[in-house]
S.K.: 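Here you go, one structure.
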Amino acid sequence: MGTNDNGRPADKLSVVFAVRVIEGGEQGFLDLYEQLRKSVSRTPGHIIERLGEPADDSRQWVITSEWRTAEDFFAWQQSAEHQELVAPLREFVDQRQSMRFRVIKETKGVAS
């Protein structure tokens, strides 16, 4: 694990990617996500990936991932494989938003 400027361990990176899937585009989006999921699972520094389906009829889906470092994420995001995988995304979504956050505090609950 890397360190930041003050010498403490570098913070993990959390990425939130929200997309609004076009009406009727759900299966194409899910097929594309399956390819993306397989790619990211083999990527150094990747910790976890989650896909969230809308709980209402908003068509707003969310992909969240966690990375050991920001550098790990950006290396994957800028790779040719990633670029090829996400290029067809435009066919299935009409809105996209990506947010990245350094994890500075984390609280874990007791699993039941």
S.K.: For the residue pair Leu89 and Phe29, establish whether any side-chain heavy-atom pair is separated by less than 4.5 Å.
M.R.: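 Leu89 reaches Phe29 side chain to side chain.
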S.K.: Please indicate whether Asp57 has more than 12 foreign heavy atoms, meaning atoms of other residues, nucleotides or ligands, lying under 6.0 Å from its CG.
M.R.: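 No - once you tally the heavy atoms of other residues, nucleotides and ligands closer than 6.0 Å, there are 12 at most.
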S.K.: To the nearest 0.5 Å, what is the distance between CD1 (Ile47) and OG (Ser65)?
M.R.: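 These two atoms lie 9.5 Å from each other.
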S.K.: What are the two closest heavy atoms between Pro44 and Asp72, and how far apart are they?
M.R.: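 What the structure gives for the nearest pair is O-CB, 3.7 Å.
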S.K.: Say whether Leu32 and Val62 are linked into one hydrophobic cluster, either directly or through other cluster members, by side-chain heavy-atom distances under 4.5 angstrom.
M.R.: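 No, because Leu32 and Val62 fall into different hydrophobic clusters, even though each may have its own neighbours under 4.5 Å.
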S.K.: Rounded to the nearest 0.5 Å, what separates atom CG in Leu85 from atom CZ in Arg37?
M.R.: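 It is 12.5 Å, given to the nearest 0.5 Å.
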S.K.: Do Ile63 and Glu49 touch side chain to side chain, with heavy atoms closer than 4.5 Å?
M.R.: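 The answer is yes, as the side chains (C-beta and beyond) meet within the 4.5 Å cut-off.
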S.K.: Under 4.5 Å between side-chain heavy atoms, counting indirect links through other Ile/Leu/Val/Met/Phe/Trp/Tyr residues: same cluster for Val15 and Val93 or not?
M.R.: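 Result: yes, single cluster for both.
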S.K.: Judged by atom type as modelled, is there a donor-acceptor pair below 3.5 Å linking the side chain of Gln83 to the main-chain atoms of Gln77?
M.R.: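 Flag set: sc Gln83 to bb Gln77 pair under 3.5 Å.
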S.K.: Just wondering, do Trp61 and Glu53 contact through their side chains at under 4.5 Å, heavy atoms?
M.R.: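 A side-chain contact under 4.5 Å exists here.
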S.K.: Taking C-beta and beyond as the side chain, do Val21 and Leu30 meet within less than 4.5 Å on heavy atoms?
M.R.: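 No, their side chains stay 4.5 Å or more apart.
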S.K.: Using 0.5 Å steps for rounding, measure from the CD atom of Gln78 to the CZ atom of Phe73.
M.R.: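 One finds 9.0 Å between CD of Gln78 and CZ of Phe73.
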S.K.: What's the separation between atom CG in Leu13 and atom CD in Glu71, rounded to the nearest 0.5 Å?
M.R.: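 Separation between the atoms: 9.0 Å.
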S.K.: Kindly say whether Glu84 contributes a backbone atom to a donor-acceptor pair with the side chain of His82 at under 3.5 angstrom?
M.R.: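 No; judged by distance alone, with no hydrogens or angles, the pair does not exist.
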S.K.: Do we see a donor-acceptor contact under 3.5 Å between the side chains of Gln35 and Asp31?
M.R.: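 Short answer, no.
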S.K.: When hydrophobic residues are tied together by side-chain contacts of less than 4.5 Å, even through go-betweens, does Ile22 share a cluster with Val19?
M.R.: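 No, it is not one cluster - the side chains of Ile22 and Val19 are not joined through contacts under 4.5 Å.
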S.K.: Within the supplied structure, the quantity of interest is the number of heavy atoms (other residues, nucleotides, ligands) at a distance under 6.0 Å from Glu23 CD; does it exceed 12?
M.R.: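 Open.
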S.K.: Drop me the distance from Phe101's CZ to Glu66's CD, to the nearest 0.5 angstrom.
M.R.: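 Those atoms lie 13.0 Å apart.
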S.K.: Where is the tightest heavy-atom contact between Gly28 and Phe92, given as atom of each residue plus distance?
M.R.: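 Looking at all heavy atoms of both residues, the shortest contact is CA-CE2, 3.4 Å.
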S.K.: What's the separation between atom CE in Met99 and atom OG1 in Thr64, rounded to the nearest 0.5 Å?
M.R.: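 Going from the CE atom of Met99 to the OG1 atom of Thr64 covers 10.5 Å.
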S.K.: With heavy-atom distances below 4.5 Å as the criterion, would you say the side chains of Trp67 and Trp76 are in contact?
M.R.: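 A side-chain contact under 4.5 Å exists here.
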S.K.: Taking all non-hydrogen atoms of both residues, which atom of Val103 and which atom of Ser14 are closest, and how far apart?
M.R.: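 Here Val103 and Ser14 meet closest at CG2-CB, 3.9 Å.
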